[in-house]
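Residues: numbered from 1 along the sequence shown.
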Amino acid sequence: MYAAGGTVTFCGEVAGDFYAAGGTVTINGDVADDVALAAGSGRIGGDIGGDVRVAGGEVTIDGAIDGDVLVAGGIVRVLSTARIGGDLLFFGGEVTIEGDVRGSLSGRGEAVRLNGPVRGDVAVRASRGVSLGEQAHIDGTLSYESGAELSRAPGAVVRGEVTRQEAPAVGGSFSAHLLWLLLFLFTTAAAYLLLPRSQLLLLARRTAGAFGWNMLIGF
């Protein structure tokens, strides 16, 4: 299923993949295979049988996902009702992980808060710090890169080793850099969703034929 619009709301059932781009995209239905979203505000609340790739200004996940998840957003929330069967890779500004991650957790954000179970290892980079809530339970190791010490609630559990690496000073906000990635993903998804397949093939051939010139125009 392919959808594009200012507001996209899906509450049905798809036996294959689901691709969507829009200002606001909400998935409350079930998708048997993979999901790919590009949205200003995106929410995944249904059951997903495959992998999820989502980019948006604000992203919320509170459904059950059997595969891996790649999420990029200014604000990323994985609520306590969420279940991720594979690995979770994130890039964001404010990142909150409260759901059940049955694989490994890795990524980069300005501030990262973990308050749920992770069955694998955790490796994160956060310029403003990493915090573990009362419900945090990591079966593997925790390695983090930050300019601040780990904030750890008394009830937080880490079964493996905890290691810290001092984060180098970088200029600018990560959210500002992320905006360029979101613009690129949104433009690419919109072209893929809206152009006929024949036009996409023609575009690909023309781009390959004069790659340097077309890359200059693209920038």
Could you walk me through whether F90 and L105 pass the side-chain contact (heavy atoms from CB on, under 4.5 Å) test, one step at a time?
CA-CA 8 Å; F90 66 84; L105 172 67; 3.8 Å; yes

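- For D68 against R53, the heavy-atom pair with the smallest separation is O-NH1, 3.6 Å.
- Not one N or O on the side chain of D30 forms a donor-acceptor pair closer than 3.5 Å with the backbone of G46.
- Taking every heavy atom of both residues into account, L114 and A136 meet most closely at O-CB, 3.5 Å.
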Pair D121-S104, side-chain hydrogen bond (donor to acceptor under 3.5 Å, both in side chains): steps then yes or no:
CA-CA 5 Å; D121 297 330; S104 62; over 6 Å; no

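- Between D87 and R102 there is no salt bridge, since none of the side-chain N atoms of the basic residue sits less than 4.0 Å from a carboxylate O of the acidic one.
- If you take CG on D100 and CG on L88, they are separated by 11.5 Å, rounding to the nearest 0.5 Å.
- Salt-bridge formation is detected for the pair R159/D139: a Lys NZ or Arg NE/NH1/NH2 atom is positioned less than 4.0 Å from an Asp or Glu carboxylate oxygen.
- Note that the OG1 atom of T60 and the CG atom of L79 stand 6.0 Å from one another [nearest 0.5 Å].
- Here the side chains of L150 and L132 are in contact, with some heavy-atom distance below 4.5 Å.
- Here the straight-line distance linking atom CD1 of I48 with atom CD1 of I61 works out to 9.5 Å at 0.5 Å rounding.
- Heavy atoms only, all atoms of each residue included: S146 and R164 are closest at O-NH2, 3.2 Å.
- A salt bridge links E58 and R77; the closest N-O separation between the charged side-chain nitrogens and carboxylate oxygens is under 4.0 Å.
- The hydrophobic clustering, which links ILVMFWY residues whose side-chain heavy atoms are closer than 4.5 Å, places L37 and V14 together.
- Rounding to the nearest 0.5 angstrom, the gap separating the CE atom in M1 from the CG atom in D33 is 14.5 Å.
- In this structure, the separation between CG on D66 and CG on D47 is 7.5 Å, given to the nearest 0.5 Å.
- Using modelled atom types, one finds no donor on one side chain facing an acceptor on the other under 3.5 Å when comparing D62 with T81.
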